[in-house]
Amino acid sequence: MATLLRTCQPFDPRGLSSARRFEKEKRKPNPSRVLHQRRSQRSSFRAAMAAEGLKKGIAEFYNESSGLWESIWGEHMHHGFYDTTTPASVSDHRSAQIRMVDEALRFAGVPEDSSKWPKRVVDVGCGIGGSSRYLAKKYGAQCQGITLSPVQAQRAQALAVAEGLADKVSFQVADALDQPFPDGHFDLVWSMESGEHMPDKNKFVSELTRVAAPGATIIIVTWCHRDLSPSEDSLKPDEITLLSKICNAYYLPEWCSPSDYVKIAESLSLKDIKTADWSDNVAPFWPAVIQSAFTWKGFMSLLRSGWKSIKGALVMPLMIEGYNKKLIKFTIITCRKPE
Amino acid sequence: MRLLTHNMLSSNVKGVVNGFPLRLEASTWVEKEVDFNADFLRSMFSKIDWPALFGAAQTVGYVALPESADASMLESEDFLKKFHHALLEIHVEEGALVCPETGRRFPINKGIPNMLLNEDEV
């Protein structure tokens with residue numbers, strides 16, 4: 001998509017060295033037509049390498065750090081939703097995280113009338129299944145959760161069994177960009193803070209749309225960068241630098257803006273497209289997470305978890321900086337698949 | 001992995017025309033009792049691919065399920081109990097799901113299917 005900005009380098013933990021070796025072996029003198037073909041072959045090869053590296057990186061990051069997160073923050077791996085008008089009760093994060101789910105459902109217009117509740121839910125990027133279990137309990141729905149991390153899927157399943165929900169929720173290791181589900185299966189398609197991991201936003205929203213049943217609700221809550229002004233072609237250099245550091249620590253590909261998501265949804269003929277900036281409602285979150293890292297328990301758990309988790313923790317102040325500079329936007333996008 | 005889940009998973013390997021149903025191989029499975037809910041079963045019935053459910057049930061040795069079924073059978077408590085058992089109470093712990101066209105195996109470990117494709121399969 002032309003308007004998606006390259007705010008982060010294509011992700012390759014090996015620094016593209018193997019890609020370069022491959023290219024060197026293949027290089028020969030060629031007429032310009034074939035040269036053009038080779039260039040686009042090289043760039044699609046690089047893209048494929050980057051995508052594979054990103055998926056592995058994401059899986060390893062969450063394999064390593066999920067337990068740490070859960071021990072301090074619980075089963076929901078997403079921001080809490082706080083009132084902007086009253087001082088945040090930062091000791092009550094669990095209810096803020098649950099409120100985030102409820103506010104998202106309300107924003108999307110999921111009916112309160114139980115006869116209209118969703119019956120089949122997919123949780124795309126399900127983490128350790130917090131949303132899946134919550135939605136299964138709230139609606140009595142069947143929920144399928146997918147994650148790249150086998151450790152997360154196992155933990156999600158174990159928690160479901162412990163809560164007596166094993167008959168309602170199931171988890172698979174699968175790729176959100178290539179979901180193993182049939183077309184039109186789910187009446188609620190849920191993506192809570194996973195969209196920022198998707199390297200191809202078009203493909204991501206296309207897959208959400210594909211697996212949505214006619215009339216289904218699609219809910220995406222994700223990290224975006226600010227919309228560009230009409231005179232801008234890209235973010236400013238210091239903004240790009242800031243996001244690059246965050247991308248590196250959290251295994252994120254290129255960011256996009258809320259408008260980019262809206263354009264993609266429109267291009268897929270999705271209806272009732274709504275978006276909102278909830279950055280002010282999540283403002284107490286990162287300071288609270290940083291605080292938790294400095295407790296004895298948090299600090300020792302970090303040390304035990306591994307370098308990826310530590311790197312993730314070190315980058316937390318950059319998230320606050322990004323929000324303060326109005327660069328990072330905590331965004332909700334909801335829509336419906338046409339009947 | 002319950003047979004309900006098996007009933008909705010398909011192979012996404014590049015070039016595959018019809019990746020459903022995946023053939024089930026089960027080396028270990030357990031049965032776990034689940035509360036019976038007739039309304040739920042009746043609402044699920046139209047979404048279920050019966051031949052796939054029947055085939056999977058056969059694989060795990062549950063032979064009580066009829067080979068074909070129609071909505072009129074939902075009146076029968078006996079049928080509903082069998083449907084309930086096959087759909088919700090059998091959990092495959094170890095095994096694989098096999099693509100019907102390419103033979104590609106998606107492993108099931110500790111009840112979790114791994115449906116990730118390799119780069120060259122996408």
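Throughout, protein chains are lettered first and strands after them, A, B, ... in sequence-line order, and every chain is numbered starting at 1. The figures here come from the full heavy-atom set of this structure, side chains too, leaving out hydrogens, waters and symmetry mates.
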Heavy-atom pair with the smallest gap, counting every atom of [X] and [Y]:
{"X": "A/Phe181", "Y": "B/Leu9", "result": "CE2-CD2, 3.7 Å"}
{"X": "A/Ala174", "Y": "B/Leu116", "result": "C-CD2, 3.5 Å"}
{"X": "A/Lys55", "Y": "B/Leu117", "result": "NZ-O, 4.1 Å"}
{"X": "B/Asn118", "Y": "A/Glu52", "result": "C-OE2, 4.5 Å"}

[X], part contacting chain B, at a heavy-atom distance under 4.5 Å:
{"X": "A/Lys168", "answer": "backbone"}
{"X": "A/Leu148", "answer": "both"}
{"X": "A/Val211", "answer": "neither"}
{"X": "A/Gln144", "answer": "side chain"}

- Query: B/Asn12 side chain to A/Asp178 main-chain N or O, any donor-acceptor pair under 3.5 Å?
  - Reply: yes
- Heavy-atom check, side chain of B/Lys47 versus side chain of A/Arg120, under 4.5 Å: yes
- Is any side-chain heavy atom of A/Phe186 less than 4.5 Å from a side-chain heavy atom of B/Met8? yes
- Item | Part of B/Leu88 lying under 4.5 Å from any heavy atom of chain A | side chain
- Task: Side chain from CB out, backbone as N, CA, C, O: work out which of these in B/Leu22 comes under 4.5 Å of a heavy atom of chain A, or both, or neither.
- Result: neither
Could you grab the distance from atom [atom1] of [X] to atom [atom2] of [Y], nearest 0.5 Å is fine?
{"X": "B/Asn114", "Y": "A/Gln172", "atom1": "CG", "atom2": "CD", "answer": "10.0 Å"}
{"X": "A/Gln179", "Y": "B/Ser10", "atom1": "CD", "atom2": "OG", "answer": "10.5 Å"}
{"X": "B/Phe40", "Y": "A/Gln142", "atom1": "CZ", "atom2": "CD", "answer": "4.0 Å"}
{"X": "B/Arg2", "Y": "A/Ser170", "atom1": "CZ", "atom2": "OG", "answer": "3.5 Å"}

- Decide side chain to side chain contact (heavy atoms under 4.5 Å, CB included) for B/Ile112 and A/Val173; before the verdict, give the C-alpha distance in whole Å, the side-chain angles of both, and the deciding distance to 0.1 Å. CA-CA 7 Å; B/Ile112 307 280; A/Val173 176; 4.0 Å; yes
- Query: Near B/Asp35 CG, under 6.0 Å, is it more than 12 heavy atoms from other residues, nucleotides or ligands?
  - Reply: no
- Item | Enclosure of A/Lys119 NZ (heavy-atom neighbours >12, cutoff 6.0 Å) | no
